[in-house]
Amino acid sequence: MISAAVFADQIAMYNPEVNDFAAMLQAPSLDHIFGTDEFGRDIYSRIVHGARTAMLVGFTAAICGSTLGLLVGVTSAYFGGWVDITVQRVIDVLIAFPSIILALAIVIILGRGVGPVIVAITIPLIPNCARVVRSSALAIREIPYVDAARAMGFGHARIVLRHISPNIMAPYLIMLTTFLGQAILAEASLSYLGLGVQEPTPAWGLMLKSGAEEYAESAPWAVIFPGVAISLAVFGFNLFGDAMRDVLDPKLRDR
Amino acid sequence: MYKYAIKRILLMIPTLIGAGLLVFMLMRMIPGDVCEIRLGGTGLMVDKEQIEICRDSLGLNQSMAKQFYDFAVGIATLEFGDSMWTGRPVTEEIAIRFQLTLQIAIMATLTAVIIALPFGVISAIKQNTWMDYCIRVFSIAGIATPSFWLGIMIILGLLIASQHLFGEPWMMPIEYTPIWEDPLANLSQTIWPAVAVGYRYAAVVVRMTRSAMLEVLREDYVRTARAKGLFEKVIINQHALKNALLPVITLVGIEFAFLIGGLVVTEQVFNLNGLGKLFVDAVLDHDFTLTQALVMMVVAVFVVVNLLVDLIYAWVDPRIHYS
């Protein structure tokens with residue numbers, strides 16, 4: 001999938017954004033192996049280029065969500081007291097808040113397009129990572145080397161970033177890989193609702209929206225292939241996440 | 001235990017206040033308002049004076065502090081007000097849709113539990129066999145498949161199958177019929193979204209059941225039970241499953257609470273007029289009162305279910321003592 005995104009220009013057979021009204025809703029054939037959509041665009045080429053959108057949104061949202069979650073979680077655990085209590089209450093609110101509505105409001109406020117979609121997907125991911133990371137950071141905080149760093153006069157930022165955070169890489173990486181699949185699914189959902197990436201940019205959720213509404217019965221290939229692409233991508237990332245968890249979580253090594 | 005329960009109940013208050021503040025601010029940050037959409041929606045030139053009259057009547061010209069105060073007092077006294085878009089009481093708007101969403105959430109939960117428990121247990125007992133691998137693929141695929149796409153595939157499958165079997169395509173009814181009025185019409189509409197959502201839900205529960213069972217099966221008391229010569233069936237049902245069910249109950253509770261406000265895209269696919277669709281319409285229409293009430297309801301359901309799950313957990317499992 002990463003290869004498809006990187007080499008999309010070489011792998012794709014047609015320009016994914018150019019309409020061809022002489023080839024509308026054609027069934028899969030040698031010319032168009034996944035068929036064409038209602039504008040005559042090659043579905044295979046749009047899926048290959050759609051991988052770029054999925055990768056861009058998926059990786060950016062997952063990395064930003066888990067990194068910000070790491071910083072929030074470690075800071076909350078490190079300072080403790082009222083900082084921890086306040087941060088935990090904010091996290092409670094964000095976790096309880098319906099994420100699709102939060103994403104919807106953010107997209108409407110910031111406008112439609114890839115950037116706002118990434119922000120809309122990232123924000124609900126932060127509290128989930130922060131909560132997991134905080135519990136690990138609470139244990140690390142009690143280890144003597146943190147006291148030693150403090151005794152040596154290091155600042156809070158240095159202790160948080162250089163001494164505690166690197167020791168919480170296992171839960172961080174596990175959350176990051178879990179978020180990849182979630183972010184791709186969220187992007188597809190938002191695009192399907194018409195609130196994500198906009199036409200003519202190729203995006204899998206958007207392809208389902210246009211294909212599903214009117215042509216599902218007469219041109220089922222327009223809805224089958226983009227859905228398969230989403231499922232396979234998320235399936236792959238989930239397997240990767242599971243493998244990562246098995247390697248990094250000592251409790252799961254025997255399972 | 002009582003102290004913990006009281007502390008948890010008190011902690012719900014800041015969460016609810018925070019959620020109220022967040023939805024209040026988010027809605028006011030969205031450009032435009034309900035009056036502009038309602039009056040400008042006809043495409044005609046709208047008199048600014050009319051928009052101002054509309055804003056005055058809905059209280060949108062009041063200061064933010066006054067608007068938030070009214071909203072907070074309304075929530076505290078359970079007076080949610082009228083929808084800014086339809087003018088009907090918010091409780092009425094929600095009640096009509098709640099029935100449908102609740103029914104699908106219950107049916108999806110039943111589907112998930114019926115599939116997930118046996119699959120999760122078999123997967124754990126037959127660890128690293130072909131059955132385990134098949135069930136694991138089934139569950140990872142369930143998490144990877146978007147529910148809304150599965151919904152589209154179900155609709156497509158029904159259309160094609162009915163065309164072949166009966167000569168004409170069959171579509172599920174669009175109008176909601178309560179189950180006590182016509183169970184067949186009701187189920188023919190609700191079973192499909194329940195299956196579409198239930199598959200993902202089942203996949204999540206299978207993984208948790210498998211993981212919890214594997215942990216419990218390695219416990220000393222299971223080894224003791226085996227050493228006593230008990231039948232494997234008794235060990236699984238009486239000793240292992242009962243204890244492994246605790247995290248599963250937690251997960252089922254949390255997923256159920258999520259479904260009350262999280263069926264947005266699936267409802268869109270099946271053209272269902274449930275809470276998810278109401279949510280999207282309310283946000284897009286800038287209907288502040290309705291969106292605020294919906295968010296508060298979903299957040300309240302979420303925190304109450306979480307609290308109940310935690311308390312049940314502590315009550316059922318003697319090893320857990322909250323302080």
Side-chain angles (χ1 to χ4, degrees), chain A residues 85-86 88-111 178 181-182 184-186 188-190 192-195 204-205 208-209 211-213 216-217 220 223-224 226-228 230-239 241-242 251-252 254-255, chain B residues 11-12 14-19 21-23 26-27 29-31 127-128 136-137 140-141 143-150 152-153 155-156 159-160 163 169 207 210-211 214-215 218 257-258 260-262 264-265 268-269 276 279-280 282-284 286 291 294-295 298-303 306:
Chain A
I85 291 171
T86 314
Q88 289 315 303
R89 295 294 75 76
V90 174
I91 285 174
D92 281 349
V93 171
L94 288 174
I95 286 178
F97 205 90
S99 54
I100 188 91
I101 300 308
L102 185 60
L104 196 67
I106 292 169
V107 167
I108 299 172
I109 293 166
L110 298 178
T178 311
Q182 284 181 21
I184 292 172
L185 279 179
S189 302
L190 280 175
Y192 181 76
L193 287 174
L195 296 159
W204 298 335
L208 282 176
K209 180 182 166 54
E213 283 181 346
E217 201 187 346
V223 284
I224 292 174
V228 171
I230 299 172
S231 304
L232 283 179
V234 180
F235 188 90
F237 281 121
N238 284 350
L239 280 182
D242 275 9
K251 279 188 286 181
L252 295 173
D254 294 337
R255 288 189 198 166
Chain B
L11 275 177
M12 282 164 58
T15 308
L16 288 169
I17 293 173
L21 201 61
L22 182 59
V23 66
L26 275 176
M27 289 309 289
M29 282 161 74
I30 293 175
Q127 193 192 1
N128 295 331
R136 283 168 77 179
V137 168
I140 298 178
I143 294 167
T145 308
S147 299
F148 66 92
W149 180 67
L150 185 59
I152 298 170
M153 289 296 104
I155 295 172
L156 195 60
L159 283 172
I160 294 168
Q163 178 78 51
R207 282 160 68 91
R210 178 180 181 274
S211 164
L214 282 175
E215 198 166 302
R218 285 177 171 77
F258 165 77
I260 296 298
V264 176
V265 196
Q268 199 84 12
V269 169
F279 239 132
V280 176
V283 176
L284 294 178
H286 298 55
T291 311
L294 277 168
V295 166
V298 170
V299 172
V301 168
F302 187 86
V303 291
N306 264 288

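Each chain gets a letter, A, B and so on, in the order its sequence line appears, and its residues count up from 1. Any value given below was found using the heavy atoms of this structure, including those in side chains, with hydrogens, waters and symmetry copies removed.
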What heavy-atom pair brings [X] and [Y] nearest, and what distance separates the two atoms?
X: B:V269; Y: A:Y192; value: CG2-OH, 3.4 Å
X: A:S189; Y: B:V265; value: CB-CG2, 3.9 Å
X: A:P98; Y: B:V299; value: CD-CG2, 4.1 Å
X: A:L208; Y: B:W149; value: CD2-CD1, 3.4 Å
X: A:A96; Y: B:T15; value: CB-CG2, 4.2 Å
X: A:S231; Y: B:A144; value: O-CB, 3.4 Å

Sort [X] into side chain, backbone, both or neither according to what part of it lies under 4.5 angstrom from a heavy atom of chain A.
X: B:L156; value: side chain
X: B:L159; value: side chain
X: B:M153; value: side chain
X: B:P14; value: both

Which atoms of [X] approach chain B - backbone, side chain, both or neither, heavy atom under 4.5 Å:
X: A:L232; answer: neither
X: A:V90; answer: neither
X: A:I95; answer: both

Greatest number of heavy atom pairs closer than 4.5 Å to chain A - which of B:I155, B:I140, B:T145: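 Of B:I155, B:I140, B:T145, B:I140 has the most heavy-atom pairs under 4.5 Å with chain A.
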
Greatest number of heavy atom pairs closer than 4.5 Å to chain A - which of B:I17, B:V295, B:V303, B:V301: B:V295

Pairwise distance [atom1]([X]) to [atom2]([Y]) - rounded to 0.5 angstrom:
X: A:L102; Y: B:L26; atom1: CG; atom2: CG; result: 6.0 Å
X: A:T178; Y: B:I143; atom1: OG1; atom2: CD1; result: 10.0 Å
X: B:M29; Y: A:I106; atom1: CE; atom2: CD1; result: 8.5 Å

Stepwise side chain to side chain contact (heavy atoms under 4.5 Å, CB included) check, A:I108 with B:L284: CA-CA 8 Å; A:I108 299 172; B:L284 294 178; 3.6 Å; yes

Side chain proximity check, [X] to [Y], heavy atoms < 4.5 angstrom:
X: A:L193; Y: B:V264; value: yes
X: A:R89; Y: B:L11; value: yes
X: A:I101; Y: B:V23; value: no

Pairs flagged by side-chain hydrogen bond (donor to acceptor under 3.5 Å, both in side chains) wherever residues 95-110 of chain A is involved - sequence neighbours left out: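 Output for this query is empty, none listed.
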
Pairs of heavy atoms under 4.5 Å with chain B: top-ranked of A:L104, A:I224, A:N238: A:I224

Under the ring pair (Phe, Tyr, Trp, His ring centres under 6.0 Å) test, residues paired with A:F237 that sit two or more places apart: A:F59

